[in-house]
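The chains referred to below are lettered A, B, ... by the order of the sequence lines, with proteins before strands, and numbering in each begins at 1.
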Amino acid sequence: MFEMKYDFTKIEKKWQDKWAKEETFRASDDTSKPKYYALVEFPYPSGHGLHVGHPRSYTALDIVSRKRRLEGYNVLYPMGWDAFGLPTENYAIKNKIHPKKVTAANVANFKKQLQSLGFSIDWSREVNTTDPAYYKWTQWIFLKLFEKGLAYKQEMPINWCTSCRVGLANEEVVDGVCERCGSQVVQKSKSQWMLKITAYAQRLIDDLDDVDFIEKVKIQQRNWIGRSEGAEVKFKVGETGDEILVYTTRPDTLFGATYTVLSPEHPLIDTLMPLIGNKDEVLAYRALAAGKSEFERSELTKEKTGAALAGVTALNPVNGEKLPIWISDYVMMTYGTGAIMAVPAHDTRDWEFAKKFGLPIVEVVAGGRDVQAEAYTDVTAGVMVNSGFLSGLQVKDAIRAIIDDLEAKGLGSRKVNYKLRDWVFSRQRYWGEPIPLVHCDRCGWVALPESELPLTLPEVENYEPTDNGESPLAKMDAWVNTACPACGGAAKRETDTMPQWAGSSWYFLRYIDPHNDKVLASDELMQYWLPIDWYNGGMEHTTLHLLYSRFWHKFLYDIGVVPTKEPYQKRTSHGMILGENNEKMSKSRGNVVNPDDIVQQFGADTFRTYEMFIGAFDQATPWSMQGVKGCYKFLERVWNLKGILAAGEGYSAEMESLMHKAVKKVGDDIERLKFNTAIATLMSLVNDFSRLGRVTRGEFKTFLTLLNPIAPHMTEELWAVCGYAGTIAGGKWPVYDEAKTVDDQIEIVLQINGRIRDKLLVAAGLDKDATQKAALESGKIKELTEGRQIVKVIVVPGKLVNVVVGGK
RNA sequence: GCCCAAGUGGCGGAAUAGGCAGACGCAAGGGACUUAAAAUCCCUCGGCAGAAAUGCCGUGCCGGUUCGAGUCCGGCCUUGGGCACCA
């Protein structure tokens, strides 16, 4: 019999062209249909092109999207470009090409690559963060934040990358070096735009309860926000009456405080300076601490350093005891109050410091350990000792009692703190959204009127930041000098630009209504499409992008722009694809796989199938060319099934149960992101068809539909070749009959003392007593229990019978 | 140091609620077809013993719970990820 060869190149081109021409996957704005909004993280279009990691996420949600359409949903599955950012700018500087041109070329390449994989993306909604029509709204949101007092400028020490010459957020500093270029990061003081994400800290924690995020993501976000409950306690300086406010999560240990520590940057040090006997030492220590980068400060954990403030003492508010005041860089100005009470008996850091400087150590939570030898820190429970009126109380009660007491006396109060810090929003760079503010000597910082948005980037000759760290925009006098929108007087534009996280904090809203020039998206359409039903992305975005975008969304909700508190209803995460040598893929390791090569050699359907079959979706797993070949072989076997196509619109007797089981299994597996086992099920079906030597038209029809979301091109082609009506994309997802997924006869396991001794075929639904009877009558069991005492029989109907016997 | 994953054949992995460990695929070995090779098809494929039937052992390690543990509990080890002087 003549058999057409599986010509994937031709088939894939044919269907991709058809989908593009007919706009098969265009999301409709017909709000009467049930909707489904599937989202994947839009890529940064780098010059390296698509990585095999990108399509892991894209294919997964493409499969979900295609299945949803067959289930009758109006599906939105969009794509866009997170195109501002440093690599493009650095490339532009080096090669003297405008970043706009670099971006356009990279986007074109990425788009071509994505399209070659046959994703069911609605390309009519493509967005690009560098498009002025897009960043007009990024700027608009910033102005709203500014208007509500959530954007503020502050002189503060920032992380400064010595190579990029750019301020970095804490999150962009990894192990003391720049996340992007690996160069050393130092502290530098600069006036920065900040966004008050901390104002939303509690809501960002609380509202996690209402969304379906994988637990890992929730835990990581909670940890990052870092809520802690404690108290602020006032210590008085004995000599001056000044107040030292300390934050502690353990006010119950107040009687164990043997000294206090101020951060070297603490402003009280200046106030006390006239009384300090060892000014030189103190000033020297402050200078030393200031010269260290945040990394160096945290790196030098081995040895505590510090200086005592001679001539001043703090008074413990509970007993008036005089405590020495020290300064040390193990206390951070940016957390709590920048001052602590030290309880060396029960805190490792305080203990190390006390040991080094010979300060007293007083046990206040009984633990039966020698606190002089080691800090006893396992003190979430225990009995208070050496603690005045708290002695004898349980820790839990002591905390309440001491706070009540401090509050009553006006010496302290309950306080919640968060590790989360405000978001440094300024970048001294060219390739980012201009911050649409103007500084006027008379009016201060003034927002541009909305009518002047977008404030576009001016053309510049040179994109390099200035040597003093100003953005290249600062050199553009004609652009910088402007009139104050408020008073009309001379004023200067802000020359900092926004960080890359800005455009990605709201892009999912723009997909909903990408061409609207009146509002960022219409109320009606947002009402319909939000929230996003399923958002898949990398774990690496959990604490940055995901938190930032939730923050912006909540803000937009507060000002009535968006209809939901949370942007994403469901969040899942995929694992990394490693090189064949089990290491992270990178150019330097020489283990990078280029998707284009795989598509060219085996086709997009094989590529997609392999990416989903490679392993557990949420786990890291190595690439294997042998595995790719295996998937190709599978698709080829599917292709050849048409050679054994047999009459019959229904399922054959032999296949009926298997077909119903497969429909159930594949559907369930896709919902649970178990693509590998869904594909395994389909492979088993192919094995069954081959063994039987025939596949009925009805069986093949169901099979092709189940495989279609994974391998859309070849299944559509086979559909057409076999003469089925219409297309799979225009059809329906198959249904199964639960009753037909249950076998009439079930093989149960017969055990003696938990060891399998025999197997027995019984009728499905056989009850406990009948199962037990059948088991005990089976030859093998009879033989082996002969002359032994049956102690107990465990029966799990439909599963097993375990006979527990005594010795002979 | 703290938090979160993971550890199963030669390899990727499966086992959805405590009930047949190793589905599916890859690799390997044997065979059929072929002048030959490739492709394809068939068989074998955790270890030990055995001709076989079969038996014993086996899911990182040590204990525990249970009639029964890859799965639950306690304690470790290793790897990966995140945080880290956060009071």
Atom [atom1] of [X] to atom [atom2] of [N]: distance rounded to whole Å?
X: N582(A); N: G7(B); atom1: CG; atom2: P; value: 14 Å
X: Y610(A); N: G12(B); atom1: OH; atom2: P; value: 11 Å
X: I794(A); N: G19(B); atom1: CD1; atom2: C1'; value: 11 Å
X: K799(A); N: A15(B); atom1: NZ; atom2: P; value: 14 Å
X: I670(A); N: U16(B); atom1: CD1; atom2: C1'; value: 16 Å
X: I219(A); N: C4(B); atom1: CD1; atom2: P; value: 6 Å
X: Q751(A); N: A69(B); atom1: CD; atom2: C1'; value: 12 Å
X: M612(A); N: G25(B); atom1: CE; atom2: C1'; value: 16 Å

My understanding is that only residues two or more places apart in sequence, or in another chain, count here; which of them pass side chain to side chain donor-acceptor pair (under 3.5 Å) with K664(A)?
E738(A)

Out of [options], whichever nucleotide has its closest atom nearest the side chain of [X]:
X: L800(A); options: G19(B), G13(B), C20(B); result: G19(B)
X: A616(A); options: G68(B), G55(B), A14(B); result: A14(B)
X: A680(A); options: A23(B), C67(B), A87(B); result: A23(B)

For the CD atom on Q202(A), are there more than 12 heavy atoms of other groups (residues, nucleotides or ligands in this structure) within a distance under 6.0 Å?
yes

If only side-chain N and O atoms count, and only distance matters, is there a donor-acceptor pair under 3.5 Å linking Y335(A) with S228(A)?
yes

D329(A) side-chain N/O to S263(A) backbone N/O, donor-acceptor pair under 3.5 Å:
no

When you measure from the centre of the six-membered ring of Y330(A), is the NZ or CZ of K304(A) under 6.0 Å away and within 45° of the axis?
yes

Residue closer to the 5' end of RNA chain B, Q626(A) versus P622(A) (nearest nucleotide):
P622(A)

Holding to salt bridge (Lys or Arg N to Asp or Glu O under 4.0 Å), I want the full list of residues that pass it with K356(A), two or more places apart in sequence or in another chain.
E303(A)

Please measure how far the P atom in C43(B) lies from the corresponding atom in A5(B), and state the result in whole Å.
42 Å

Please give me every residue in residues 631-638 of chain A whose heavy atoms get under 4.0 Å of an atom in RNA chain B, ordered by residue number.
K633(A), R637(A)

Is it the case that the base of C4(B) and the side chain of K216(A) share a donor-acceptor contact (distance under 3.5 Å, atom types as modelled)?
no

